[in-house]
J.: 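Take a look at this one; I'll ask things after.
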There are 2 protein chains.
Amino acid sequence: MDQSAICPRFEKAMSIMSQRWTGLVIYQLLTGPKRFCSLESSMGISGRVLSDRLKELENQDIVKREVYPETPVRIEYSLTEKGRALEPMMKEIEKWSQTWLPVEPTP
Amino acid sequence: MDQSAICPRFEKAMSIMSQRWTGLVIYQLLTGPKRFCSLESSMGISGRVLSDRLKELENQDIVKREVYPETPVRIEYSLTEKGRALEPMMKEIEKWSQTWLPVEPTP
DNA sequence: TATAATTACTTACATAAAGTAACTAACTGA
DNA sequence: TCAGTTAGTTACTTTATGTAAGTAATTATA
């Protein structure tokens, strides 16, 4: 019954993007490098999962981690070229949401 | 610390798209109406979760469910206008995956 | 000197989501 | 009456996520 086999690369992309929080993390980083605690508080993700996601995205070469040995230490997360290449997709989600989603979802 | 508040409509869109399987279900339906068992077998999702997702997408008015009282009964799922409006986003993921993901991820 | 503060995490535990496999309902054809 | 078909549902297990406290490294403060 496996009629329409899905392109494995598309499937992979989807499996990355359809993990909880991943899209939002990338979206936040589109506006520039961010620190751990800044991401944590601006999107309401738990530190435990944020830590996981950043590691995964680093492994995928979508996010880059840079350490600045100041006091206290500063660590910045930013997008790689591969990560920035996701901007057009983000823009399309943005457009769709503005066209099709109500302004007040659940008051 | 909630510096950069995220647009609630974008956040909502992301929360829909970042649920496991949701993107793939929509992607499959872009090629035309599909039946439950066809979706189930073509993407390897469990019936339990597929059932959940289709209900959610119906509630969001992204998917339409139609019953044909044949024998045995035929039920078709298809995209609404709101659902089809996600095609540009899907195309962008497709493009990204073809540009940035390797052909053989894990042999 | 001890205590507190800061950042970037990790750990242990609890809850929610997803996978598995068997089961049901409604119908028909043998 | 029994088997076959589709579209699910149910009970149970495994995995993912949330919560809250803890750690390491460093400096500032009482």
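Letters A, B, ... mirror the listed sequences (proteins, then strands); counts begin at 1.
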J.: So, OP1 or OP2 of C:dC9: does either fall under 4.0 Å of a side-chain N or O from A:Arg65?
T.: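 True: A:Arg65 side-chain N/O within range (under 4.0 Å) of C:dC9 OP1/OP2.
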J.: Is the closest side-chain donor-acceptor distance between A:Tyr77 and A:Glu58 under 3.5 Å?
T.: no
J.: Tell me whether the side-chain N/O atoms of B:Lys55 come closer than 4.0 Å to OP1 or OP2 in D:dT9.
T.: yes
J.: Between P on D:dA25 and CD on A:Glu70, what's the gap in Å once rounded to a whole number?
T.: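 Distance check: A:Glu70 CD to D:dA25 P gives 19 Å.
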J.: Would you say D:dT6 has OP1 or OP2 under 4.0 Å from some side-chain N or O of B:Tyr77?
T.: no
J.: Under 4.0 Å between a side-chain nitrogen and a carboxylate oxygen: does that hold for B:Lys95 and B:Glu92?
T.: yes
J.: Between A:Ser51 and A:Gly47 (side chain of the first, backbone of the second, donor and acceptor by atom type, cut-off under 3.5 Å), is there such a pair?
T.: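 Checked: no pair found.
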J.: If the condition is side chain to side chain donor-acceptor pair (under 3.5 Å), which residues does A:Glu76 pass it with, not counting sequence neighbours?
T.: A:Arg74
J.: Does one hydrophobic cluster hold both B:Val67 and B:Leu79, with members joined at side-chain heavy-atom distances below 4.5 Å?
T.: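 Both belong to a single hydrophobic cluster.
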J.: Between the protein and nucleotides 18-22 of chain D, which nitrogen or oxygen pairs come in under 3.5 angstrom?
T.:
| from | atom 1 | to | atom 2 | distance (Å) |
| --- | --- | --- | --- | --- |
| D:dG18 | OP1 | A:Trp21 | NE1 | 3.3 |
| D:dG18 | OP2 | A:Trp21 | NE1 | 3.3 |
| D:dG18 | O6 | A:Arg48 | NE | 3.0 |

J.: I'd like to know if B:Glu81 pairs up with B:Arg84 as an ion pair, taking the criterion as any Lys NZ or Arg NE/NH1/NH2 lying under 4.0 Å from an Asp or Glu carboxylate oxygen.
T.: no
J.: Just N and O in the side chain of B:Arg35: are any of them under 4.0 Å from OP1 or OP2 of D:dA7?
T.: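 Checking B:Arg35 against D:dA7: at least one side-chain N or O falls below 4.0 Å of OP1 or OP2.
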J.: Counting only side-chain N and O atoms of B:Ser51, is one of them less than 4.0 Å from OP1 or OP2 of D:dT9?
T.: yes
J.: Mind checking A:Tyr68 for me? I need base, sugar-phosphate or nothing, with any heavy atom below 4.0 Å counting as a touch.
T.: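 Contact class for A:Tyr68: none.
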